[in-house]
K.L.:
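Right, I'll just put the structure down here and ask away after.
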Amino acid sequence: MRAEIRPIRWQDNQLLLLDQRRLPAEEIYLELADYRSAGQAITDMVVRGAPAIGITAAYAMVLAIDGAAQQADWQAALAHAAEELRAARPTAVNLAWAIDRQLELACAQSSAAAARAVLLQAAHALLAQDIADNQRMGRYGVEALPEHGGILTHCNTGSLATGGYGTALGVIRAGFAAGRDWQIYADETRPWLQGARLTAWELQKEGIPFSLNVDAAAGHLMATGKIQAVIVGADRIAANGDAANKIGTYSLAVLAHYHQIPFFVAAPLSTVDFAMPEGSEIVIEERAADEVRRCGGQQMSPAEVAVCNPAFDVTPASLIAGIITERGVARAPYTQALARLRP
Ligand code: MRU
């Protein structure tokens, strides 16, 4: 049996993160013993993907309470650490969602020691629940997608982006397990190359055949009949179904609409921000200029060229054929459909 990819582990009171900056060349786990290093690891994309950074933050709160327990007011110290962690990356709602849940749980305890035990148990439960939810999402997704044909995906939404298994890539895994006759196309996903480095690595490990394509090939692939559905993940879905995901997702949705190809989003309900009415309010992270100027350690542009590097974009709900969750597939109108699925 194939060894499962587990990007987040807890061992000997330390948080272990598979360093995704070094994949596919090296498989190295970083050992983190304090919450600030965990927050920095999220900012630096040692770990990335909305569910994975939520789970990491849940464990980071366990590390935070070790420091907070030394303070006279441990709850205030923990709340301060929570604020720092929340600022690690702005777009994925799973980060704030996991931190808020942990803070509320901790503050309901009468001592720091009791809070630590509860937080650790909750972090383990969140990780296990994420994997189970992804597997359920996979089964719903297989039923929603066409039985045959080309499936295009973007970024990395697999085991590496979650606790394990994956969201959009989880649907692809479930499809292959169910014997679907799919040809998988993976966008390389510039500038960080989540598709080329991470999705390609995962699919190869899984033994799932696929082709890697440059992002700019998507329109051509659709126009020449190679793609019958697009499936992507999400970092934050507004209550009306507008979905923020990796930069380039919106372009894919517009292309899919033009070519009359169904465009699906797969995400757990923890990615739905029910407090946000529409996608225009989603904060889009702008990342460092050198991510665009350089590639694989090589300078690609004149050194000081001005750069625009939004890490995400928002796809309007009107372009989405269905939002695949662990409790079923939401279809338009999304405000009502998502509210019905809300746990
Ligand atoms: O910048 P990243 O790599 O964290 O962006 C990840 C994505 O955009 C994913 O598609 C999204 O988080 C869903 S992961 C299951």
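Nothing fancy with the numbering, it's 1 onward along the sequence. Ligands are counted one by one from 1 in listed order, and the atoms in each one are counted from 1 as well.
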K.L.:
Could you check atom 13 (C) of ligand 1 against the protein and tell me its nearest heavy-atom contact, residue, atom and distance included?
P.N.:
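Nearest protein contact, heavy atoms only, for atom 13 (C) of ligand 1 is Ala234 O, 3.4 Å.
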K.L.:
For ligand 1, is there an atom lying under 4.0 Å from some heavy atom of His154?
P.N.:
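His154 does not count as a contact of ligand 1 under the 4.0 Å cut-off.
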K.L.:
Treating Ile, Leu, Val, Met, Phe, Trp and Tyr as nodes and any side-chain heavy-atom pair under 4.5 angstrom as an edge, say whether Leu341 and Val265 lie in one connected cluster.
P.N.:
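Same cluster.
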K.L.:
For atom 10 (O) of ligand 1, which protein heavy atom lies nearest, and how many Å away is it?
P.N.:
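Of the protein heavy atoms, Asn245 OD1, 2.6 Å lies nearest.
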K.L.:
So which protein heavy atom does atom 8 (O) of ligand 1 come closest to, and at what separation?
P.N.:
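Protein heavy atom at minimum distance: Asp235 OD1, 2.9 Å.
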K.L.:
Please list, in number order, the atoms of ligand 1 under 4.0 Å from a heavy atom of Gln194.
P.N.:
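The list of qualifying atoms is 1 (O), 2 (P), 3 (O).
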K.L.:
Does the distance from a Lys or Arg side-chain N to an Asp or Glu carboxylate O, for Lys205 and Glu202, drop under 4.0 Å?
P.N.:
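No.
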K.L.:
Below 4.0 Å from any atom of ligand 1, is there a heavy atom belonging to Glu285?
P.N.:
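The answer is no: ligand 1 sits nowhere under 4.0 Å from a heavy atom of Glu285.
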K.L.:
Considering only protein heavy atoms, which is closest to atom 12 (O) of ligand 1, and at what distance to one decimal place?
P.N.:
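Result for atom 12 (O) of ligand 1: Ala50 N, 2.9 Å.
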K.L.:
Give a yes/no on ligand 1: does Phe312 have at least one heavy atom closer than 4.0 angstrom to it?
P.N.:
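In this structure, Phe312 qualifies as a contact of ligand 1 - some heavy atom is under 4.0 Å.
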K.L.:
Would you say the side chains of Asp313 and Asn245 form a donor-acceptor pair under 3.5 Å?
P.N.:
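Judged by distance alone, the side chains do not pair up.
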K.L.:
Indicate yes or no: does an N/O atom of Lys246 lie under 3.5 Å from an N/O atom of ligand 1?
P.N.:
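Yes.
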K.L.:
For Pro51, state whether at least one heavy atom is located under 4.0 Å from any atom of ligand 1.
P.N.:
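Under 4.0 Å: yes for Pro51.
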K.L.:
Are the charged groups of Glu4 and Arg173 less than 4.0 angstrom apart, N to O?
P.N.:
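Looking at Glu4 and Arg173, the cut-off is met.
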K.L.:
Is Arg48 in polar range of ligand 1, meaning some N or O pair under 3.5 Å apart?
P.N.:
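Between Arg48 and ligand 1 (N or O atoms, distance only) the closest approach is under 3.5 Å.
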K.L.:
Hey, could you give me the CD1/CG distance between Ile172 and Leu203, rounded to the nearest 0.5 Å?
P.N.:
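Answer rounded to 0.5 Å: 6.5 Å.
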K.L.:
Following the transitive rule for hydrophobic clusters with a side-chain heavy-atom cut-off under 4.5 Å over Ile, Leu, Val, Met, Phe, Trp and Tyr, establish whether Phe263 and Tyr185 coincide in one cluster.
P.N.:
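Cluster IDs for Phe263 and Tyr185 match.
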K.L.:
Quick one: look up the protein heavy atom nearest atom 15 (C) of ligand 1 and list residue, atom name and how far away it is.
P.N.:
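So the nearest neighbour among protein heavy atoms is Thr167 OG1, 3.1 Å.
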K.L.:
Without hydrogens or angle criteria, can the side chains of Asn156 and Thr199 be said to hold a donor-acceptor pair below 3.5 Å?
P.N.:
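The answer is yes; a qualifying pair exists.
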K.L.:
Which is it for Thr157 and Val232 under the side chain to side chain contact (heavy atoms under 4.5 Å, CB included) test, yes or no, and what are the steps along the way?
P.N.:
CA-CA 7 Å; Thr157 58; Val232 298; 5.8 Å; no
K.L.:
Can a non-hydrogen atom of Ala311 be found less than 4.0 Å from any atom of ligand 1?
P.N.:
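No; Ala311 lies far enough from ligand 1 that no heavy-atom distance drops under 4.0 Å.
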K.L.:
Starting from atom 14 (S) of ligand 1, find the nearest protein heavy-atom neighbour and note its residue, name and distance.
P.N.:
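The protein heavy atom lying closest is Ala161 CB, 3.5 Å.
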K.L.:
Check this for me - ligand 1, Arg89, N or O atoms closer than 3.5 angstrom, yes or no?
P.N.:
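By distance alone, the answer is yes.
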K.L.:
Just jot down the ligand 1 atoms closer than 4.0 angstrom to any heavy atom of Cys155, in number order.
P.N.:
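Ligand 1 atoms under the 4.0 Å threshold to Cys155: 5 (O), 6 (C), 7 (C), 8 (O).
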K.L.:
Determine the sole option in Gln14, Arg9, Gln11 for which the side-chain hydrogen bond (donor to acceptor under 3.5 Å, both in side chains) test with Tyr29 is passed.
P.N.:
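For Tyr29, the side-chain hydrogen bond (donor to acceptor under 3.5 Å, both in side chains) test succeeds with only one of Gln14, Arg9, Gln11, which is Arg9.
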K.L.:
Would you call Arg236 and Asp273 a salt bridge, taking side-chain N to carboxylate O under 4.0 Å as the test?
P.N.:
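A salt bridge is present here (some side-chain N lies under 4.0 Å from a carboxylate O).
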